[in-house]
Every structure is written in C-alpha cells, then in structure tokens.
Amino acid sequence: MQATAKTSAPRTGDAAAWEPVLGLEVHAQLLTKSKIFCGCSTEFGALPNHHTCPVCLGMPGVLPVLNRQVVEFAIRTGLALGCAVRETSVWSRKNYFYPDLPKGYQISQYDLPICEHGGLALPSGKRVRIRRIHMEEDAGKNLHGEAEGSLVDFNRAGVPLLEIVSEPDLSSAQEASDYLKSLRAVLMYLGVNDGNLEEGSLRCDANVSVRPFGSNALGTRAELKNMNSFRFLRQAIEYEISRQIDLLESGGRVVQETRTYDPQKGETRSLRTKEEAHDYRYFPEPDLPPCVVSADWVAKVREGLPELPAARAARYRALGVGAAEAATLTDERPLADWFERALPGYPDAGKLSKRVVNELVAAVRDAGETLGSQRATPETFGELLRLVDAGELSGAAMKEVLAELVRTGGAPREIAKAKGLTQVSDAGQTEAAVDAVLARAQGEVAKYRAGKTQLIGFFVGQVMKEMRGQGNPAVIGEILKKKLG
Ligand code: ADP
Ligand code: MG
Ligand code: ZN
C-alpha cells in the first residue's frame, strides 16, 4: 500500500469489513500511421491543427473511410487477450456536446463490439476477465488559458483508440496497478501502443466501489479519471476506497459519479454525475458499413502473434531466472530482448538476469541514458561479467567499469586497464606482496601466531596496499593463511 498520510482519508470504523471492487476501462492509442477514418497523420507533436482535414474536422457532407490497420490491431489485441472476435461488428454514434468533438458525436462501437469475453492473468496468477474491446476515434484537445481564451487542437481528433473494459474482478489498488502493468506490457509486445501514460497515449479510468465482505451484490461505483502514472492510480484508488468506506460507515450513500484525482492534494473530487448509456443516444452509424472480419484474416493475425510477456517470463523461469527478475525483464520488451542477446555470451541465465536487472538498469539510469541510447552491448556486458568471474575485476571495480561502458562503449578490459582497476589474481604476484608485508610486520606476525587471529584483516589490508589496491581479497586471504600457518 502506497498511501501516505496525505492521500488516505481519515478512517473511522472497521475498514476490514468492506471489500473493494474495481473494474478498469483502458484507452489505448493505436500505433497506426494515419487516423481511423481519414488519411491524416497521427504523429505527435505537430503544430496545432496541422494534421487535420474535412473528415476529422467534422465538416458537413464528408464520409469516413475505415483504416484497415485499426481493425487488424484490434484483432491482434483481442486474440492476445483470449477474446472471441466478432465476425460482424457494428459502428455506433455516441452523441455528446463538447468543444473538442467537432461532429457532436464520436464514432465508437456499442452493443456489438469487435472483441469480447477475454481475460488477462496477473503475476499473482489471478485471472481478470475482460468484458469487451472496441474501436473508436479520439477527440481533439482543448487548450485552456491561451491568449484569446481557450483554443482547440484537432490533431488528435480521429486518432484510433482501443477501449479495453475489464469485469469488476479487481479487489485492491495494487491489483489494479498490476493489471494495468500487465496489459500495458501486452499492448507494447504486440506493437499496437507505446505504453506512455504520462503523454496520455495509454489512459485508464478506474471504477471503484465497496461492499460488505461476503456480499455478492455490487456497491454503487465512482469512476476515477486523470491518473497518468501507476503511482497516481494506486493513490487515487486508495483514497477513493477510504472515502467510500467512511461515507457508508457514517450513514451516508455513495453516489454514482465521475471523479478526478488531484495528485497535488492527494484527493479525488467530483467532476459530474455519471452519465448513463441513454444520455448518449447511441444509434448505428449510417455512414459506415458493419466491420466484417473473415475467419482467414483472424487465423492469419493469430499466426503472427509474438511471444507474450507471461509466456516469456515462464520460459525464463525454466532457465533458472528468479520470479522477480523474470517479471522485471519481461515488463518492457526491449529489456527482455537485450537480456536474450546477452545470454549466448553468458549462459548462466539466473546470474545474468540479476546483473541485468540490478547493475545494468542502475548504471543506465545513473548515466541519464535509456536502454536504447546507452553504449554497452549485450556482448561487452557478458565480457564484463566474465572478467568478474575470472577474478580480474572486483565487484566494486565492475560497477566503475560499467558506468564508463554505458557512457562510452568499448571493451571492458581496456576500460579497466585504463582506470587501473584490473584485479591481480595471479598467485605468484600475490605471494611476493604477502612476503614483503610479513617481512615488515614481524611483531604482528608473532601476535597472530600467539592467537590474535583477528589481525588477518590488518594483513589483508597491508597486502592490498602493497598491490596498489589491485589485489584479489580471496587470493590474498588464502595465501596469508597458508603462510601464517
Ligand atoms: P459504463 O460504460 O457506463 O462506464 P459499464 O457497466 O460498462 O459502465 O462498466 C464500466 C466498468 O466499470 C467496467 O470495467 C466494469 O467492470 C466496472 N464496474 C461496473 N460496475 C461496477 C461496480 N459496481 N464497482 C466497480 N466497478 C464496476
Ligand atoms: Mg465508463
Ligand atoms: Zn483528417
């Protein structure tokens, strides 16, 4: 539980008597080159209203033309999430008025969505049912506080979205966060979404209710919006659960409404009462034929599915990778791919996974780089680890070499040499240093032999100094013990 004093509402009664129930609605922007119903570019960051045309501006008399890639991505996602793909799905108009919606309606899918009845396994093993996945168009973006008041940018209008709706199967903030994380990983593996919560290309609304433990009925829910990080998602849900429990225990009622999370205050607050489906006056879109998907097409998409994160994690586990490392590696596909490319050069998968997850990730972060921009290759990283195993580099020296390696690239052995970090494990060289130290420290040698064996640390330190810090402590200790009898 991540809640701080600031983010959890005061609790009066017995919170343990209540069971939280959560269902998530996730909107994922699809990584198509063009918009869903016109040829405009979906590229992010253009000047406002430069990626627009009469279709996505909602001019009278225009007709939408469906982008086939959108349907393919929807099938891909549906199959990866174990859904049934509907052969003939139907487009609907969802009517509402808002300045960022030029037509006055959004083209979406309603009662006959393209995918239904799937599920997603959490790392805990729990399976969360997925109710439906449908395709729709995104709205534009209102820009408030501009010189002339508020402006609207329609570059995003008509960008394709998938809406992925779970059943209310989640029962804590952590579980909701785990679900979103797993879903995000799947979407990124499939190449249908970039997983960017901060920029809003992956958005999540959480429906939150509580009910007395043991009850089967669902409580009244609030829908939380505006959570653009995993941490905010957890905080908002924690706060909302506490708020509802307090309300119910003090004799109040939860009202069905849409609430927004304010990360500064650590609170959710009401935006509007919840709209019902009939408020949108859904009806079938007359300008688009139903979306027909052949069994052949579905079969072809199925053949092209990549190995998904859960399957990959299981494969790594079988190679001897720990559960935590397998989860971290497979969270983001590039890291897993990098690990796999390092494996031939360093086949101890368990050890390699720990070094990648701990040392490499930390070094890349500390250098202010990303996995894509840093300079260590899977091959040079394996070389570095082999130097440590051979006793040529200490653990501390390895970190120093790696820090340089991720910044500049190059050969680990050369970097270690240039920095004077190579460790001398050679027995002859070490023995000479030990002899020199023992000859100088006759008094301590006598005390050691008389039983003051804790002096061993002193001797190791002296030998290390004699070897200008490049000795191998294990080799030094061994030779010392032999010589001191
Ligand atoms: P709407 O389309 O009006 O938002 P839905 O009934 O389609 O409503 O549900 C949307 C989401 O809310 C789903 O993820 C569902 O699991 C979740 N949900 C529905 N009822 C509850 C409830 N009582 N408590 C928590 N989540 C709920
Ligand atoms: Mg909803
Ligand atoms: Zn357009």
Side-chain angles (χ1 to χ4, degrees), residues 18-27 32-43 46 49-59 62-67 70 81 92 94 96 102-103 106-111 113 116-120 128-134 136-140 153-160 163-173 175-176 179-180 183 203-212 215-225 237 240-241 244-245 248 253-259 271-280 282:
W18 299 93
E19 181 192 17
V21 176
L22 317 164
L24 261 50
E25 293 165 272
V26 173
H27 286 90
T32 55
K33 290 208 162 50
S34 57
K35 293 187 180 181
I36 183 169
F37 299 124
C38 63
C40 290
S41 167
T42 56
E43 207 182 314
N49 295 307
H50 276 54
H51 291 166
T52 55
C53 73
V55 173
C56 55
L57 288 173
M59 298 294 175
V62 298
L63 285 174
V65 177
L66 178 61
N67 180 343
V70 172
L81 295 173
S92 293
K94 181 179 183 180
Y96 63 93
K103 299 193 293 290
Q106 176 193 29
I107 303 181
S108 181
Q109 296 194 301
Y110 181 49
D111 48 350
E116 277 177 314
H117 312 307
L120 178 61
V128 177
R129 290 169 301 155
I130 287 174
R131 180 183 293 174
R132 57 183 277 146
I133 302 176
H134 70 251
E136 62 186 25
E137 57 180 337
D138 208 346
D153 175 6
F154 290 108
N155 284 347
R156 212 180 61 185
V159 166
E163 178 169 340
I164 303 162
V165 182
S166 84
E167 293 291 346
D169 287 350
L170 299 157
S171 41
S172 68
E175 241 177 43
Y179 168 83
L180 185 61
L183 182 59
R203 310 195 274 270
C204 173
D205 303 336
N207 293 271
V208 180
S209 66
V210 299
R211 64 181 171 197
S215 158
N216 281 325
L218 288 172
T220 305
R221 72 189 143 124
E223 185 173 340
L224 308 182
K225 301 219 172 252
I237 292 174
E240 184 59 21
I241 291 171
Q244 292 186 11
I245 292 174
L248 293 169
R253 280 180 44 231
V254 176
V255 291
Q256 189 167 327
E257 62 185 353
T258 301
R259 300 177 69 88
L271 273 184
R272 53 177 184 263
T273 58
K274 172 88 178 109
E275 52 292 297
E276 301 286 342
H278 62 252
D279 293 330
Y280 291 117
Y282 278 102

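Remember, it's 1-based here, ligands and their atoms both numbered in the order they're listed.
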Against heavy atoms of [X], which atoms of ligand 1 measure under 4.0 Å?
| X | value |
| --- | --- |
| Glu167 | 16 (O) |
| Leu24 | 14 (O) |
| Val165 | 13 (C), 14 (O) |
| Arg131 | 5 (P), 6 (O), 7 (O), 9 (O), 15 (C), 16 (O) |

Next item on the list: Identify whether the distance between the nearest side-chain nitrogen and carboxylate oxygen of Arg131 and Glu167 falls below 4.0 Å.
Entry: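 Yes, this pair counts.
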
Notebook entry, point to check: Taking atom CD of Glu240 and atom OG of Ser209, what is their separation to the nearest 0.5 Å?
Noted result: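 Glu240 atom CD to Ser209 atom OG measures 10.0 Å (nearest 0.5 Å).
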
Next item on the list: Would you mind finding which of Asn207, Leu170, Ile130 brings a heavy atom closest to atom 11 (C) of ligand 1?
Entry: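 The option holding the nearest heavy atom is Asn207.
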
Item checked: Single hit among Gln109, His27, Lys94 for side-chain hydrogen bond (donor to acceptor under 3.5 Å, both in side chains) with Glu136 ->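 With Glu136 as partner, Gln109, His27, Lys94 yield a single side-chain hydrogen bond (donor to acceptor under 3.5 Å, both in side chains), made by His27.
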
Using atom types as modelled and distance alone, determine if a side-chain donor or acceptor of [X] lies under 3.5 Å from a backbone N or O of [Y].
| X | Y | value |
| --- | --- | --- |
| Gln106 | Glu137 | yes |
| Lys35 | Asn155 | yes |
| Ser34 | Cys40 | no |
| Asp138 | Val159 | no |
| Ser166 | Leu24 | yes |

Next item on the list: Take Glu19 and Arg211, measure what salt bridge (Lys or Arg N to Asp or Glu O under 4.0 Å) needs, and give me the verdict at the end.
Entry: CA-CA 5 Å; Glu19 181 192 17; Arg211 64 181 171 197; 2.9 Å; yes

Looking only at N/O atoms, are [X] and ligand 1 under 3.5 Å apart anywhere?
| X | result |
| --- | --- |
| Pro168 | yes |
| Gly219 | yes |
| Thr220 | no |

Next item on the list: Determine the minimum heavy-atom distance between Leu22 and Ser172, stating which atoms define it.
Entry: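 So the two residues come closest at CD1-O, 3.1 Å.
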
Notebook entry, point to check: Taking only protein atoms, how many N, O or S atoms are found under 2.8 Å from the Zn ion (ligand 3)?
Noted result: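 Near the Zn ion (ligand 3), the number of protein N, O or S atoms below 2.8 Å is 4.
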
